[in-house]
Amino acid sequence: MPRVYQPTDYVVEKSLLPSFEKYKEMHKQSLDDPEKFWSQIASEFDWQTPAQPGKFVSYNFDLNKGNIFVKWMEGAVTNICFNLLDRNVRNGHGEKIAYYWEGNHPDDYSRITYRKLMDLVCQFSNALKDNGVGKGDRVSLYMPMILETVVCMLACARIGAIHSVVFAGFSSDSLAERMASCKAKVLVTADGGWRGEKLLVLKNTCDEAMQKAQAKHNHKVDKCIVVSHLKRVTPCGKLPDDISSLYKWTEDRDVWWHDIMEGQSTFCPPEWMGAEEPLFMLYTSGSTGKPKGVLHTTAGYLLYAATTFRYVFDYRDKDVYWCTADVGWITGHTYVVYAPLANAATSVLFEGTPFYPDNDRYWAVVEKCKVSQFYTAPTAIRTLTKFGEEPVKRHDLKSLRVLGSVGEPINPEAWLWYYNLVGNGRCSIADTFWQTETGGHVITSLPGATPMKPGAAGFPFFGVEPTLLDESGALIEGPGEGYLVFSRPWPGIMRTLWGDHDRYEQVYFSKFPGYYCTGDGARRDEDGFLWVTGRIDDMLNVSGHLMSTSEVEGVLTEHPHVAEAAVVSKPHPIKGEALYCFVVLVDGVELDAALLDALRKLVRARIGAFGVPDTVQYAPGLPKTRSGKIMRRVLRKVAVGDRDVGDVSTLAEPAVVEQLFNNRP
Ligand code: PRX
């Protein structure tokens with residue numbers, strides 16, 4: 001039986017939500033009377049026109065009854081940028097720090113107040129307008145983690161343009177496809193940036209992408225706005241004397257950020273937007289290969305981002321909050337930009353990596369900025385465990401109170417390392433389950449209120465009603481495992497896929513009529529905790545036993561010699577599917593017969609004989625995207641020895657793929 005961890009007095013004291021009873025009461029209120037619950041929160045924000053009573057939420061989740069739609073606060077009019085900046089300045093937060101920026105090199109750092117951020121956003125809004133951008137136009141971003149990225153997103157929101165941030169690790173092909181898909185008018189980028197010692201010439205990728213968008217997709221980007229970043233930061237590797245020799249410049253199309261900002265007024269009235277008008281789109285991969293442009297709208301997203309942030313991180317006035325995610329992913333959108341600013345919070349914006357200049361960089365920044373909430377991904381935690389305790393112990397981390405986890409199930413070993421070592425046994429861990437599509441956290445623990453079990457996501461957030469269904473669509477009540485679906489919308493759920501409402505209906509609503517289908521499996525235990533077991537497509541059926549790959553991964557990483565594990569299924573003539581495991585080992589350890597035997601025994605002991613892996617392969621590293629997601633499709637190809645791995649341009653270390661093929665047992 002996994003141990004239950006209760007929030008410590010250190011966290012509960014002064015918590016916004018200090019008991020499980022209070023959580024249950026509020027959760028019930030949020031389901032019983034959504035209008036009352038969310039309109040109270042809405043009243044803190046600024047509305048040109050408030051929502052009509054009785055029309056707070058309307059939706060259809062059942063394809064048999066017609067088209068799928070979700071609407072919150074229909075008829076209300078507001079501007080999200082105005083709420084994040086002008087409202088906060090008006091409320092006396094003008095001189096408060098919005099962001100501490102920490103660069104790739106520790107010598108590069110700055111800070112910005114709410115007032116200054118507002119001024120820059122207004123200036124850039126005016127600059128965008130001068131460059132032909134207006135309400136409803138799409139602006140693509142391909143940016144490093146710098147303040148201009150936030151300024152640009154908020155400026156789009158201010159003038160009603162729709163931003164589409166493409167993670168600056170995607171290839172030029174991917175960027176071209178995404179720009180063409182949304183018909184972006186303008187692309188905003190930087191000349192380049194550093195990731196550790198590696199130089200990334202972003203402008204080059206953008207040039208290629210704009211050329212490909214035209215040649216392959218017949219789409220022309222009108223303007224490319226470029227931030228001059230390389231000159232102002234410390235070089236972390238080799239750089240030519242003449243930085244401009246790194247990329248080309250196309251007159252009439254390419255313009256410098258600083259040139260178009262020159263002389264712009266710091267006054268820019270916001271574009272008043274309907275509650276259901278688009279705020280941004282963000283592409284996420286789909287099973288067919290064609291990316292899906294997940295669309296989020298204005299009012300509901302604001303309410304949901306603001307509320308989840310407040311309760312899930314238990315944010316208090318003087319706290320410093322840090323989410324390490326890149327803005328190229330939904331976590332960066334909601335929990336680096338929109339949610340903290342909606343709460344007038346002070347955040348860290350980090351351009352670097354956890355490993356530069358040393359493996360203690362995260363902890364150095366926590367100590368330096370006195371971070372109270374630290375939000376990162378399990379994959380980062382597992383990678384950091386490889387370096388042992390010393391890099392963590394080098395730093396004073398007593399400012400920490402809440403630790404967050406996002407992106408995949410966190411295995412109990414990593415959870416305990418995070419809890420005991422980083423959190424010193426007194427911080428709460430919020431394991432936040434959500435998706436690009438959900439806009440914000442949907443299943444999570446709440447720091448001062450809910451008990452925690454290592455590896456369990458926990459409980460539904462306010463407004464969220466999770467349901468477990470079996471393959472036939474029958475309801476699983478009480479303890480059990482099945483498809484994780486939602487029977488009603490919360491304010492932050494996506495509204496459509498850009499330009500493809502049919503696909504939206506098919507992908508998310510056709511499998512189980514009446515439900516939004518997450519594509520994930522989950523287990524409800526006897527205490528009501530929800531454990532997200534991973535994508536249903538990562539489920540394995542070994543001799544009729546349904547298992548999730550993450551379950552086996554959790555067991556393998558329990559072994560002290562295993563730093564990381566990834567499990568995929570390999571077709572098997574008798575069992576249907578067999579487990580094929582990749583293990584990254586702790587420095588200095590070899591995968592010999594004794595370790596192999598020990599791992600097999602461990603799985604047998606934890607899961608059962610049917611779960612014993614057929615193959616365990618040594619992996620020098622795992623094929624991960626730069627956001628840290630393991631690309632399982634590549635591992636499945638390695639498992640069957642098929643070198644036709646498809647597009648691997650989004651991998652952080654593409655060389656690892658070849659090594660894995662060479663290491664097949
Ligand atoms: O499988 C779930 C996993 O990540 C998927 C969503 O990925 P994406 O849209 O890229 O968004 C990631 C950041 C929100 C989910 O369907 N996932 C995310 N968080 C968790 C998780 N699985 C388990 N536990 C989590 N905390």
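Both ligands and their constituent atoms are indexed starting at 1 by order of listing. Numbering of residues begins at 1 and proceeds along the displayed sequence.
Between atom OG1 of residue T308 and atom CZ of residue F313 there is a gap of 7.5 Å, rounded to the nearest 0.5 Å.
At under 3.5 Å, not a single nitrogen or oxygen of S405, backbone or side chain, sits near a nitrogen or oxygen of ligand 1. Checked against a 3.5 angstrom limit, the closest N/O atoms of T518 and ligand 1 fall outside it. Considering backbone and side-chain atoms together, V532 places no N or O closer than 3.5 Å to any N or O of ligand 1.
Nearest non-hydrogen protein atom to atom 5 (C) of ligand 1 is W434 O, 4.2 Å. Scanning the protein for heavy atoms near atom 8 (P) of ligand 1, the closest one is T436 OG1, 3.6 Å. Among all protein heavy atoms, the one lying closest to atom 7 (O) of ligand 1 is K629 NZ, 3.8 Å.
Between W322 and F350, the ring-plane angle classifies as perpendicular under the 30° and 60° cut-offs.
Residue E408 holds the heavy atom nearest to atom 25 (C) of ligand 1 of all those in H333, E408, H441. The residue among L282, T331, D520 with a heavy atom at the shortest distance from atom 13 (C) of ligand 1 is T331. One option in G407, P409, G521, A430 has a heavy atom closer to atom 18 (C) of ligand 1 than any other, and that option is G407.
Salt-bridge formation is detected for the pair D525/K453: a Lys NZ or Arg NE/NH1/NH2 atom is positioned less than 4.0 Å from an Asp or Glu carboxylate oxygen. A salt bridge links E465 with R488: the distance from a Lys NZ or Arg NE/NH1/NH2 to an Asp or Glu carboxylate oxygen falls below 4.0 Å.
Heavy-atom proximity to V406, at under 4.0 Å, picks out these atoms of ligand 1: 13 (C), 14 (C).
Annotation: H163 is in aromatic contact with F280 [ring centroid separation under 6.0 Å].
Under the ring-ring contact (aromatic ring centres under 6.0 Å, His included) test applied with F167, the options W329, Y142, Y283 reduce to a single match, W329.
A cation-pi contact, defined as under 6.0 Å to the ring centre and within 45° of the axis, is absent between K511 and F509. Both tests pass for R3 against the ring of Y5: distance under 6.0 Å to the centre and angle within 45° of the axis.
Looking at I410 against ligand 1, nothing comes within 4.0 Å, counting heavy atoms.
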